[in-house]
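Data first, discussion second: the structure below is written as C-alpha cells.
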Amino acid sequence: MTIDLFEDLPQPPWREEIAPGAVVMHGFVREHAAALLAAVNSVVVQVPWRHMTTPGGFTMSVAMSWCGNGWNSDSNGYRYSQRDPGNGKQWPAIPDILMALADEAALQAGFGHFVPDACLINRYDPGSRLSLHQDKDECDFTAPIVSVSLGLPAIFQFGGLQRNDKTKRIPLAHGDVVVWGGPSRLCYHGIMPVKEGYHSLVGSHRINITLRKAF
Ligand code: SIN
Ligand code: FE2
C-alpha cells in the first residue's frame with residue numbers, strides 16, 4: 001500500500017460544502033473500500049468491538065474499536081488514552097492506508113497536510129445511532145476531523161456551535177468522506193438510526209472511521 005494511493009482520485013463536482021469548513025467528498029474512497037475494511041479488521045482483532053458507557057450511564061448503541069490513541073468514557077467524561085489500561089500496552093498503530101487517506105482527504109478539503117494520532121472506528125448495526133455531540137476532547141482544534149463511511153447508508157446531522165442550532169441532514173453512502181475543521185470544527189453532529197439493510201462488502205452494518213489529532 002503506497003502513501004500516494006489517494007492522490008489521483010477525481011476532483012469535484014462530487015464535493016459538497018455543507019457549512020464553512022465542512023465538506024462531503026462523495027465516493028472519495030469507494031475504490032479503496034476493501035483495503036480500508038481489511039485495515040479495520042486488522043485493528044478489530046487487536047481491539048475487539050465494545051459498547052461504551054456514556055458519562056450519563058447509558059450504554060451506547062454503537063460498537064467501537066480504535067487505534068493510535070484509545071478512547072475512554074466514564075462518569076468523569078470522555079478521554080483519550082495512549083495505552084490500554086488493561087495491560088499497559090500502547091494501542092495498535094494507525095494502519096498506513098488510514099494515515100494516507102486522512103492526509104489526502106484533509107488536503108483536498110483545503111486543510112493542508114494532516115497527521116492524525118487517533119482513529120476511532122464505529123460499527124452501527126441497524127437501529128444504532130449517535131446523538132448530537134461535539135468532538136471536543138481533542139487537544140488541538142486547529143486540525144480537522146476526517147470521517148469515512150462504509151457499508152449501510154446513514155443520515156448525518158450537521159448543526160452549528162450550539163446544541164439547539166438547526167441541523168442539516170446529509171445522506172452518507174459507502175465510500176463517502178466528510179472533513180470538518182476551521183469554523184466548523186466544533187459543530188454539533190450526529191447519526192440518525194441506521195436502517196436495516198445489507199451491503200455486499202460490509203454486511204448488515206455501517207462502519208465509520210474518524211481520524212483525529214487527539215494530543
Ligand atoms: C462521529 O461523530 O464521531 C462519527 C460520525 C459518523 O459515524 O459518521
Ligand atoms: Fe463526532
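For ligands, and for the atoms within them, numbers begin at 1 and follow the listed sequence.
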Answer yes or no: does an N/O atom from H133 fall short of 3.5 Å to an N/O atom of ligand 1?
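Yes, since at least one N or O of H133 sits under 3.5 Å from an N or O of ligand 1.
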Answer yes or no: does an N/O atom from W180 fall short of 3.5 Å to an N/O atom of ligand 1?
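Checking ligand 1 against W180, no N or O pair falls under 3.5 Å apart.
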Aromatic ring pairing H199/H174, orientation class (parallel under 30°, perpendicular over 60°, tilted between):
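Taking H174 first and then H199, their aromatic rings sit tilted (interplane angle of 30° to 60°).
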Parallel, tilted or perpendicular: ring planes of W180 versus F156, cut at 30 and 60 degrees:
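Because their plane-to-plane angle lies in the 30° to 60° range, the rings of W180 and F156 count as tilted.
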Proximal ligand 1 atoms for [X], defined as those under 4.0 Å from one of its heavy atoms:
X    : answer
N122 : 4 (C)
I191 : 6 (C), 7 (O), 8 (O)
R206 : 6 (C), 7 (O), 8 (O)

Working to the nearest 0.5 angstrom, can you tell me the gap between N72 CG and S81 OG?
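Output value for this atom pair is 5.0 Å.
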Atom pair CD1 (I155) and CD1 (I170), whose distance is rounded to the nearest 0.5 Å
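So the gap between those two atoms works out to 9.0 Å.
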Between E16 and K168, does any NZ, NE, NH1 or NH2 come within less than 4.0 Å of an OD or OE carboxylate oxygen?
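Salt bridge flag = no for E16 with K168.
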For R129 and S61, test the side chains for any donor-to-acceptor distance below 3.5 angstrom and give the result as yes or no.
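Distance-only check fails for R129 and S61.
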Would you mind reporting whether P95 and V43 have side-chain heavy atoms less than 4.5 Å apart?
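V43 vs P95: side chains touch.
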Work out the angle at the Fe ion (ligand 2) between OD1 of D135 and NE2 of H133, rounded to 10°.
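Approximately 90° at the metal, rounded to tens of degrees.
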Closest approach of any protein heavy atom to [atom], naming residue and atom:
atom                   : answer
atom 7 (O) of ligand 1 : Y124 OH, 2.5 Å
atom 5 (C) of ligand 1 : N208 OD1, 3.7 Å
atom 3 (O) of ligand 1 : R212 NH2, 3.1 Å

Once you restrict to heavy atoms under 4.0 Å, what part of L130 touches ligand 1? Side chain, backbone, both or neither.
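For L130, the contact with ligand 1 is made by the side chain alone.
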Do any N or O atoms from the side chain of R50 and from the backbone of P48 form a donor-acceptor pair under 3.5 angstrom?
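Pair found, side chain donor or acceptor close to backbone of P48.
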Q157 near ligand 1, heavy-atom distance under 4.0 Å?
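It does not; every heavy atom stays at 4.0 Å or beyond.
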